[in-house]
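Working notes, structure below.
Here is how names work: the chains are called A, B, and so on, in the same order as the sequence lines, proteins then strands, and each is numbered from 1. As the structure is a computational prediction, the values presented were derived from the model and not from experiment.
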Number of protein chains: 2
Amino acid sequence: MLHSGENLFWEGERFDSFCTVLDGWLFSYRLFGDGRRQILNLLFPGDVVGSWIGEAVAHCSVQALTPSKLCVLPQLSQMDLATRFPELAIRYGETIHNQLVRSECRVASLGRQSARQRIAHFILDLCCRLNVSHGKPLQAAIPMPLTQEDIADFLGLTNVTVCRILGDFRTENLIRIAGHELQVRDPEQLAEICEYDWLECSSASAEAWI
Amino acid sequence: MLHSGENLFWEGERFDSFCTVLDGWLFSYRLFGDGRRQILNLLFPGDVVGSWIGEAVAHCSVQALTPSKLCVLPQLSQMDLATRFPELAIRYGETIHNQLVRSECRVASLGRQSARQRIAHFILDLCCRLNVSHGKPLQAAIPMPLTQEDIADFLGLTNVTVCRILGDFRTENLIRIAGHELQVRDPEQLAEICEYDWLECSSASAEAWI
DNA sequence: CGAAGAGTTGATCCAAGTCAAACGTTGTGG
DNA sequence: CCACAACGTTTGACTTGGATCAACTCTTCG
């Protein structure tokens, strides 16, 4: 269990465990010397944290965004894992491969898309991961515990820019924001803005690991 | 075998094979509607291309930068792979995990670093992957088949900016460029520029797969 | 109620993009 | 061996998207 704002581990720290998220939202991030922060990834139930091969030193920090439950898997030797639990090894490969695809899509977005495109991309990707993979319609409202500053740090922008563009999207009736929920109203047009091709919709589920 | 400039596969194409690079440099990339290109990853001997679980549709294209040799592994079912060749499954997990770490470091760089920092980061990372992992000193000259435009597309910049900053680095005596070779002359200062922490130096080798 | 955090808005600035021209370098074919 | 074409690099002038700075408002919650 982690409270919101609590860290699972810090960049540079030794972290050999291998966890999966059972419940809650977390994010991994890096801090720079001048205080800038880049959020690397959002972690939802079913995602893995850490490496099964046990990286000596964490390359990023991980923090809980909402109260979160994690399952720490017993640390086996690699060989044990692969030979005694081959289905676990397969699932690990799948999950980490999904994360890699997603990460590379983010590289493309950060490298070559405008602020407007990045934000559209972010919204659609989030809906895909949360709604579509759980069988809900894309337009279903999703919880939004991220502040605008979090979104900015995720997309390599500033909170001011995020605020302005979310405002635009709202007046263009592309999205609706109420309380801490976000709803996509016009996925087609959002997809057109950012050239989203609905490929990136694979996600994980927590049940698979239990 | 692939000639330089030749594509192994294209984004959106079906590609179920699972290859490893034996020789040469390749890169994966995405194109946007207006012709912009983002290079996602550089692939060196020892890296894997594609997924062992066979992604239905490739999320990016892969092109050879230099004449390249690839080893296409026979496509086994996942279970076969994990149970009959557990050491292969482990190696796959390691490699793909390394790629993920590297990709996330790039997200941080693209999201929060200046052009100068990104280029310094790129140079050091390249040297680490090529020299350090092969036991050579960091300062050893490395081949540089990438054009400045390639580097720009890798870092989310323009060729003009890359040209200007490489020029700066040269006059500051941080690097030396001769023909198609690049040599780092002052790794310390480059590391200071981009807050490089030498963590990201794990790499793969081709031999391990044979 | 009051304080702290988050969101909104306007004014200004700058790093990097864009456009354009000139200069090198490489390779090919007459 | 030269010519010239294709491609890459370099440099200068100008533009711009998003950052920065700063004030103000709106929530939330003890």
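When distances are taken from the side chain of B:V160 to each of D:dT9, C:dT9, C:dC19, the shortest belongs to C:dC19. Of the listed nucleotides (C:dT8, C:dA16, D:dG18), D:dG18 has the atom at the smallest distance from the side chain of A:A115. Closest contact between the side chain of A:T147 and the listed nucleotides D:dG18, C:dG7, D:dT20 involves C:dG7. With D:dG8, D:dG12, D:dT20 as the candidates, the nucleotide lying closest to the side chain of A:R36 is D:dT20.
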Open item on the list: For a salt bridge (charged side-chain N to carboxylate O under 4.0 Å, His left out) check, start with the C-alpha distance between B:D47 and B:R102, then their side-chain angles and the critical distance, and finish with the verdict.
Closed with: CA-CA 12 Å; B:D47 286 322; B:R102 200 172 295 282; over 6 Å; no

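B:L155 places its CG atom 13 Å from the C1' atom of C:dA16, with the value rounded to the nearest Å. Note: CG (A:N159) to P (D:dG18) measures 15 Å, nearest angstrom. B:Q148 has its CD atom 11 Å from the P atom of D:dG8, to the nearest Å. Regarding A:I165, its CD1 atom lies at a distance of 8 Å from the C1' atom of D:dG18, rounded to whole Å. At whole-Å resolution of the value, CD in A:Q113 and P in D:dG18 are 11 Å apart. The CG atom of B:L166 sits 13 Å away from the C1' atom of D:dG8 (whole-angstrom rounding). In this structure, B:R37 atom CZ and C:dG17 atom C1' are separated by 17 Å, rounded to whole Å. A straight line from NE2 of B:H180 to P of D:dT9 spans 8 Å, rounded to a whole angstrom.
Checking the phosphate oxygens (OP1, OP2) of D:dT20, no side-chain nitrogen or oxygen of A:R164 falls inside 4.0 Å. Remark: B:T161 is in phosphate contact with C:dG17, judged by side-chain N or O atoms under 4.0 Å from OP1 or OP2. In this model, the phosphate group of C:dG17 is approached by a side-chain N or O of B:T158 to a distance below 4.0 Å at OP1 or OP2. In this model, the phosphate group of D:dT10 is approached by a side-chain N or O of B:R170 to a distance below 4.0 Å at OP1 or OP2.
Residue A:G156 is in sugar-phosphate contact alone, with no base atom involved, counting any heavy-atom pair closer than 4.0 Å across all strands shown.
Salt bridge absent: B:R118 and B:D125 never bring a charged side-chain N and a carboxylate O closer than 4.0 Å.
In this structure a side-chain-to-backbone donor-acceptor pair under 3.5 Å is present from A:R112 to B:L157.
The closest side-chain heavy-atom distance from B:L166 to B:I119 is below 4.5 Å.
Neither side chain, A:N98 nor A:T95, offers a donor N or O lying under 3.5 Å from an acceptor on the other.
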